[in-house]
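Heads up: the structure comes next, in structure tokens.
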There are 2 protein chains.
Amino acid sequence: MSEGFAEPKPRRRQARGERRIAQLLQAAANVFCTTGYTAASTNAIAREASVSPGTLYQYFPNKEAIAVELGGRLMHEMREAHGQAFTPENFELPLPDLIDAVVDPLIEFNCQNPVFLALMHGSEIPGRIAEEHDELHASLLARVGDLIGHYVPDIPSDERARIADMTFAVFKGGLALVLAAPEGPEREATIVELKRVLVRYLDPVVGDAAGAPEPPPRP
Amino acid sequence: MSEGFAEPKPRRRQARGERRIAQLLQAAANVFCTTGYTAASTNAIAREASVSPGTLYQYFPNKEAIAVELGGRLMHEMREAHGQAFTPENFELPLPDLIDAVVDPLIEFNCQNPVFLALMHGSEIPGRIAEEHDELHASLLARVGDLIGHYVPDIPSDERARIADMTFAVFKGGLALVLAAPEGPEREATIVELKRVLVRYLDPVVGDAAGAPEPPPRP
DNA sequence: GAGAAACGCGAGTGATCACTCGTGTTTGCC
DNA sequence: GGCAAACACGAGTGATCACTCGCGTTTCTC
């Protein structure tokens with residue numbers, strides 16, 4: 001009965017080990033992007049990282065742990081990206097500028113980490129990641145809801161939730177389109193168009209109560 | 001060299017066989033929905049259909065063929081659904097009614113065939129389905145583009161394409177939200193909200209050239 | 001520089017998967 | 001009724017996958 005410690009692993013890592021982990025996660029991201037989580041084999045990940053299967057299993061107990069660690073790191077970066085998007089001073093911006101401030105970092109992050117959507121979107125992924133994703137999703141929704149509540153203080157909470165949900169869903173749909181567009185002017189134009197959707201959808205919502213009544217004339 | 005016929009299969013099917021095929025496709029749809037295409041095993045599909053693995057392979061040469069046949073049938077139904085959505089008389093409707101006429105059948109179809117999105121959306125699916133889906137996608141985009149061109153005849157083609165792309169992307173994002181909502185009043189409210197997004201986005205586009213200048217007051 | 005521990009390897013292992021095959025049953029046709 | 005073909009079965013087969021293990025190498029610590 002003694003020594004019932006369930007301590008995970010007081011394992012000392014060397015610098016080489018940390019490097020290998022980063023290398024393996026990068027390889028896993030590539031393989032997950034191209035083949036998806038389920039069809040990605042651990043041997044393929046090891047091969048992509050130019051190491052043996054045994055080496056991979058020195059750092060990760062199983063395939064799911066790779067995805068969880070990768071997802072966790074991406075989630076952390078994502079929180080930073082959207083943390084700087086929802087600063088208090090942005091709350092006072094006019095709607096188009098606010099949308100710029102919120103949307104740009106999120107798009108930038110997803111463009112540079114396409115594996116994020118690949119991991120979060122599939123219904124094939126392990127439950128652990130889905131939970132973390134749900135948390136992040138709920139957190140983002142709450143922030144959008146706060147924003148709407150700030151512009152329209154007396155909105156019913158169910159309506160506010162519905163608008164936040166729809167805003168986020170529209171963003172996700174547009175984000176997929178942005179990621180599908182080739183980098184360059186075409187992608188930029190798609191981003192502009194996505195922001196146009198959001199502005200036109202939200203302007204009447206916030207415009208009713210805030211002081212941004214008239215839409216600017218289109219060129 | 002003689003008998004170089006590549007005839008697929010002049011196989012005579014009995015009524016029992018046709019029934020089995022429908023039964024197997026239904027079972028496959030269930031399994032694909034819950035586990036995804038890659039993780040779905042042919043044995044699991046056979047079990048869901050209460051037949052033996054050997055019976056399954058009497059009607060389908062391999063796992064991909066099941067998905068292709070299922071996708072093909074869904075695609076056919078889908079074309080019917082959106083064929084009745086883009087009838088010429090709908091072209092003359094005011095924007096909100098037009099959106100009702102186009103969006104409602106598509107949502108209805110996807111609600112009753114959730115496996116459709118599951119098959120079309122994954123990046124894990126066999127190439128054959130992706131091709132068919134691309135065709136359908138392009139066809140739908142063209143219809144939306146025609147619609148925009150009808151309302152705004154002198155719009156530049158690249159801008160028209162971008163608007164059609166974004167409209168469809170927004171719809172897909174909202175559709176995911178609709179499918180995630182529980183059936184009943186909540187789903188209906190989500191559908192209404194999705195239509196609101198589309199109307200607000202497209203109204204300034206078509207309003208510039210057509211005769212629907214003023215938005216109705218919101219209650 | 002010697003011992004310990006982290007690192008690295010790759011053939012091997014058991015499980016699972018897509019798919020086959022030999023055999024028995026049902027159906028359509030004369 | 002009898003024959004041929006379609007239907008149905010489920011144990012079996014080879015391939016592949018996640019994961020292990022024994023052993024050799026590098027790095028840290030003293």
Side-chain angles (χ1 to χ4, degrees), chain A residues 7-28 30-32 34-70 119 122 124-129, chain B residues 7-28 30-32 34-70 119 122 124-129:
Chain A
E7 294 188 9
K9 288 249 170 163
R11 177 83 167 260
R12 287 176 43 219
R13 299 242 99 105
Q14 300 179 352
R16 191 175 23 153
E18 297 294 343
R19 250 181 286 127
R20 276 270 184 264
I21 290 179
Q23 180 185 0
L24 283 165
L25 289 178
Q26 179 59 51
N30 294 341
V31 177
F32 287 156
T34 55
T35 69
Y37 173 77
T38 308
S41 81
T42 56
N43 290 18
I45 295 173
R47 202 180 318 120
E48 172 85 14
S50 304
V51 300
S52 79
T55 298
L56 185 153
Y57 280 93
Q58 188 148 70
Y59 299 102
F60 301 99
N62 50 53
K63 179 179 167 181
E64 175 173 343
I66 305 174
V68 168
E69 178 65 24
L70 183 59
L119 264 188
E124 48 170 3
I125 45 174
R128 186 74 180 71
I129 294 201
Chain B
E7 295 189 10
K9 290 241 170 168
R11 178 85 166 257
R12 287 175 43 219
R13 298 241 100 104
Q14 300 179 352
R16 188 172 32 151
E18 297 293 343
R19 252 181 284 126
R20 276 271 183 262
I21 290 179
Q23 180 185 359
L24 284 164
L25 289 177
Q26 180 59 51
N30 294 340
V31 177
F32 287 157
T34 56
T35 70
Y37 173 77
T38 308
S41 80
T42 55
N43 289 19
I45 295 173
R47 202 178 319 119
E48 173 84 14
S50 305
V51 301
S52 80
T55 298
L56 185 152
Y57 280 94
Q58 185 146 76
Y59 298 103
F60 300 98
N62 51 50
K63 179 178 166 182
E64 176 174 343
I66 305 174
V68 168
E69 178 65 24
L70 183 58
L119 264 187
E124 47 170 7
I125 43 172
R128 187 71 179 76
I129 294 200

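Below, each value reflects all heavy atoms present in this structure, side chains not excepted, and no hydrogens, waters or symmetry copies. Chain identifiers are assigned alphabetically (A, B, ...) following the order of the sequence lines, protein sequences preceding nucleic acid strands; residue numbering begins at 1 within each chain.
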For Ile125(A) and Ile129(A), the nearest pair of non-hydrogen atoms, with its separation, is CD1-CG2, 4.4 Å
Can you check the Ile66(B) CD1 to dC19(C) C1' distance for me, whole Å? 11 Å
Within this structure, what is the CD-CG distance for the pair Glu124(A) and Leu119(A), rounded to the nearest 0.5 Å? 9.0 Å
Taking atom P of dC28(D) as reference, at what distance in whole Å does atom CZ of Arg13(A) sit? 14 Å
In this structure, CZ of Arg47(A) is separated from OG1 of Thr42(A) (nearest 0.5 Å) by 9.5 Å
Sugar-phosphate atoms are those with a prime plus P, OP1 and OP2; base atoms are the rest. Using that split, label each nucleotide of nucleotides 20-30 of chain C B, S or - for protein heavy atoms under 4.0 Å, 5' to 3'. B-----BSS--
Figure out the CD/P separation between Glu18(B) and dA6(D), and round it to whole Å. 13 Å
Can you give me every donor-acceptor pair (side chain of residues 60-69 of chain A, partner residue at least two apart or in another chain, under 3.5 Å) with its distance?
unit_1   : atom_1 : unit_2   : atom_2 : d
Asn62(A) : OD1    : Glu64(A) : N      : 3.2
Asn62(A) : OD1    : Ala65(A) : N      : 2.9
Lys63(A) : NZ     : Tyr37(A) : O      : 3.1
Lys63(A) : NZ     : Thr38(A) : O      : 3.0
Lys63(A) : NZ     : Ala40(A) : O      : 2.8
Glu69(A) : OE2    : Arg73(A) : NE     : 2.8
Glu69(A) : OE2    : Arg73(A) : NH2    : 3.4

Give the nucleotide from the list dC9(D), dC17(D), dA18(C) with an atom nearest to the side chain of Ser41(A). dC17(D)
Angle of first-five versus last-five pair axes in the helix from dG1(C)-dC30(D) to dC30(C)-dG1(D), to 10 degrees: 20°
Quick one: on DNA chain C, does Val51(A) or Ala44(B) contact a more 5' nucleotide (nearest heavy atom)? Val51(A)
What integer distance in Å separates Gln58(A):CD from dA18(D):P? 19 Å
Donor-acceptor contact present, side-chain Thr35(A) to main-chain Phe32(A), <3.5 Å: no
Indicate whether OP1 or OP2 belonging to dC9(D) is found under 4.0 Å from a side-chain N or O atom of Thr55(B). yes
Apply side chain to side chain contact (heavy atoms under 4.5 Å, CB included) to the pair Arg16(B) and Arg19(B), showing each step before the final yes or no. CA-CA 5 Å; Arg16(B) 188 172 32 151; Arg19(B) 252 181 284 126; 4.3 Å; yes
Between Asn43(A) (CG) and dC19(D) (C1'), how many Å, whole number? 9 Å
When rounded to the nearest 0.5 angstrom, what is the spacing between CG in Asn30(A) and CD in Gln26(A)? 5.0 Å
dist Leu24(A):CG -> Tyr59(A):OH (nearest 0.5 Å) comes out at 8.0 Å
CZ of Arg128(A): more than 12 outside heavy atoms within 6.0 angstrom? no
note: Arg47(B), atom CZ; dT16(C), atom P; distance rounded to Å ~ 11 Å
Which nucleotide in the set dC7(C), dA8(D), dA18(C) lies at the smallest distance from any side-chain heavy atom of Thr42(B)? dA18(C)
Rounded interatomic separation in angstrom, taking CG from Leu24(A) and C1' from dC9(C): 14 Å
For Ala40(A), report the nucleic acid contact type (base, sugar-phosphate, nothing); a contact means any heavy atom under 4.0 Å. sugar-phosphate
For Tyr59(A), report the nucleic acid contact type (base, sugar-phosphate, nothing); a contact means any heavy atom under 4.0 Å. sugar-phosphate
CD of Gln23(A) versus P of dC7(C): gap in Å, rounded? 13 Å
